[in-house]
A.B. asks: 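Encoded as structure tokens, here's the structure I'll be asking about.
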Amino acid sequence: MATSELHTPVLDWYDEHQRDLPWRRPEASPWSVLVSELMLQQTPVKRVLPVHEAWLERWPTPADLAAEPTGEAVRAWGRLGYPRRALRLHAAATAIVADHDGEVPADYDDLIALPGVGDYTAAAVASFAFGRRHVVLDTNVRRVLARAVGGVEWPARSVTRAERDAAALLLPADDATAATWAVAVMELGALVCTATGPRCAACPVADRCAWRLAGHPAYDGPPRRAQAWEGTDRQCRGRLMVVLRESHAPVHRSALDAVWPDEEQRTRCLAGLVADGLVAQVAADVYALP
DNA sequence: AACTCGTGGCG
DNA sequence: TCGCCAAGAGT
């Protein structure tokens, strides 16, 4: 397919249908973009919005966050999930103050060196906040390209070399258009080319989508494992964190015992949370956010 | 490379 | 109802 012919319809569609998100506004700081990207890792936009707003209100710069105890970040993280991201964001803020004069760096290499910033987030911040030209491969982009270009419903489990090469070939040559392209494809995946129930009737490239043109062939790759939840350590850790987040005073062990029946698992998870830096033991049998 | 790490909304 | 999935990173 002449992949360059995807550009105009996708860019035009984005111009008309893009969501008004706080971290996309012209006045949004690179710090706002970085905060949003950490929060959006595996968490839907709708749930991020209020937390992001409160976060930027309270900590308008990396230095503001770095000056606080890590526990304040964990508490403000609320129920976004994966609270280690709050610790990483705090650590990233600290590194930005220490190594970059308090300014979020614009270079991919500097960004990816920050805690909690991997390939996707480094490329996203460089692209969205600084207008740099990068291949931005998130779950939305990967799904759109798998369908429109690859002709299959789902991409591979992890990013392949061929996938990255294909995305690089699609990237417009100049920085500004490349940055818009990156966010536009992502938005198309989020709003139209969704994981379940894609709205092909509303898709600007439906008439040239390889998957649709092939008649929407069923997925025939390896089974995609469902996330286990009931009875897992993650569920146990989540229960323990709720107690600590909701208490503004240190908590006795008995209050933690009450939320998970299996003593062995509960003890292991609490030790894990302490080891992760999400929980501090402040006295014998007394715990608090760090 | 496979596994771990939260939470909640939606079809 | 309940399985699926959401702007991934670290190990």
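To find a chain, count down the sequence lines: A is the first, B the second, and so on, and within it residues start at 1.
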A.B. asks: So what does A/Leu80 hit on the nucleic acid, given a heavy-atom distance under 4.0 Å: a base, only sugar-phosphate, or nothing?
C.D. replies: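 Result for A/Leu80 = base.
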A.B. asks: Does any part of the side chain of A/Trp154, heavy atoms only, come nearer than 4.5 Å to the side chain of A/Arg147, both counted from C-beta?
C.D. replies: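 A side-chain contact under 4.5 Å exists here.
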A.B. asks: If you measure only the distance, is there a donor-acceptor pair under 3.5 Å linking the side chains of A/Ser254 and A/Asp257?
C.D. replies: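 Short answer, no.
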A.B. asks: Please identify each residue that fulfils ring pair (Phe, Tyr, Trp, His ring centres under 6.0 Å) with A/Phe130, with sequence neighbours left out.
C.D. replies: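 Result, ring pair (Phe, Tyr, Trp, His ring centres under 6.0 Å) vs A/Phe130: none returned.
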A.B. asks: Taking protein heavy atoms under 4.0 Å as touching, what does nucleotides 2-11 of chain C look like 5' to 3' if B marks base contact, S marks sugar-phosphate-only contact and - marks none?
C.D. replies: --SBBBBSS-
A.B. asks: Could you measure between the two P atoms, the one in B/dG8 and the one in C/dA9, and give it in whole Å?
C.D. replies: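 Result for the P pair: 23 Å, nearest Å.
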A.B. asks: Let's see if you get this right: which residues in residues 239-273 of chain A place a heavy atom under 4.0 Å from DNA chain C?
C.D. replies: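 None, since no heavy atom is under 4.0 Å.
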A.B. asks: Say you pick atom C1' in B/dG6 and the same atom in C/dA6; how far apart are they, in whole Å?
C.D. replies: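 These two C1' atoms come out 12 Å apart once rounded.
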A.B. asks: Out of A/Asp174, A/Asp175, A/Thr180, which residue meets the side-chain hydrogen bond (donor to acceptor under 3.5 Å, both in side chains) rule with A/Thr177?
C.D. replies: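 Of A/Asp174, A/Asp175, A/Thr180, side-chain hydrogen bond (donor to acceptor under 3.5 Å, both in side chains) with A/Thr177 is met by A/Asp174 alone.
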A.B. asks: Earliest and latest nucleotide of DNA chain B, 5' to 3', sitting under 4.0 Å from a non-hydrogen atom of chain A?
C.D. replies: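 For DNA chain B, the relevant span reads B/dC3 to B/dC10.
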A.B. asks: Only one of A/Val136, A/Val141, A/Leu171 forms a side chain to side chain contact (heavy atoms under 4.5 Å, CB included) with A/Trp181, so which one is it?
C.D. replies: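 Output: one option passes, namely A/Leu171.
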A.B. asks: Which residue, A/Glu68, A/His90, A/Glu72, forms the side-chain hydrogen bond (donor to acceptor under 3.5 Å, both in side chains) with A/Trp59?
C.D. replies: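 Answer to the side-chain hydrogen bond (donor to acceptor under 3.5 Å, both in side chains) test with A/Trp59 among A/Glu68, A/His90, A/Glu72: A/Glu68.
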A.B. asks: Please enumerate all residues that pass salt bridge (Lys or Arg N to Asp or Glu O under 4.0 Å) together with A/Arg225, with sequence neighbours excluded.
C.D. replies: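 Listed in chain order: nothing, the list is empty.
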A.B. asks: Counting the atoms with a prime plus P, OP1 and OP2 as sugar-phosphate, which does A/Arg237 contact under 4.0 Å by heavy atoms, base, sugar-phosphate, or nothing?
C.D. replies: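 It contacts sugar-phosphate atoms only.
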A.B. asks: For C/dA7 versus B/dC3, give the span between their P atoms, rounded off to a whole number of Å.
C.D. replies: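 It works out to 24 Å between them.
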A.B. asks: Are any of the side-chain nitrogens in A/Arg25 or A/Asp20 under 4.0 Å away from the carboxylate oxygens of its partner?
C.D. replies: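 Salt bridge between A/Arg25 and A/Asp20, a charged N being under 4.0 Å from a carboxylate O: yes.
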A.B. asks: If Ile, Leu, Val, Met, Phe, Trp and Tyr residues are connected whenever their side-chain heavy atoms lie under 4.5 Å apart, and connections chain through other members, are A/Val45 and A/Val125 in the same group?
C.D. replies: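 Both belong to a single hydrophobic cluster.
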A.B. asks: Are A/Trp77 and A/Arg245 packed together at the side-chain level, in the sense that at least one heavy-atom pair is separated by less than 4.5 angstrom?
C.D. replies: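 A/Trp77 vs A/Arg245: side chains apart.
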A.B. asks: Is A/Leu256 isolated, or which residues cluster with it under the ILVMFWY side-chain rule of less than 4.5 Å, directly or via members?
C.D. replies: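 Traced through the cluster, A/Leu256 reaches A/Val74, A/Leu87, A/Leu240, A/Met241, A/Val243, A/Leu244, A/Val251, A/Val259, A/Leu270, A/Leu273, A/Val274, A/Leu278, A/Val279, A/Tyr287, A/Leu289.
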A.B. asks: Judged by each residue's nearest nucleotide on DNA chain B, which is more toward the 5′ side, A/Arg157 or A/Pro83?
C.D. replies: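 The residue mapped nearer the 5' terminus is A/Arg157.
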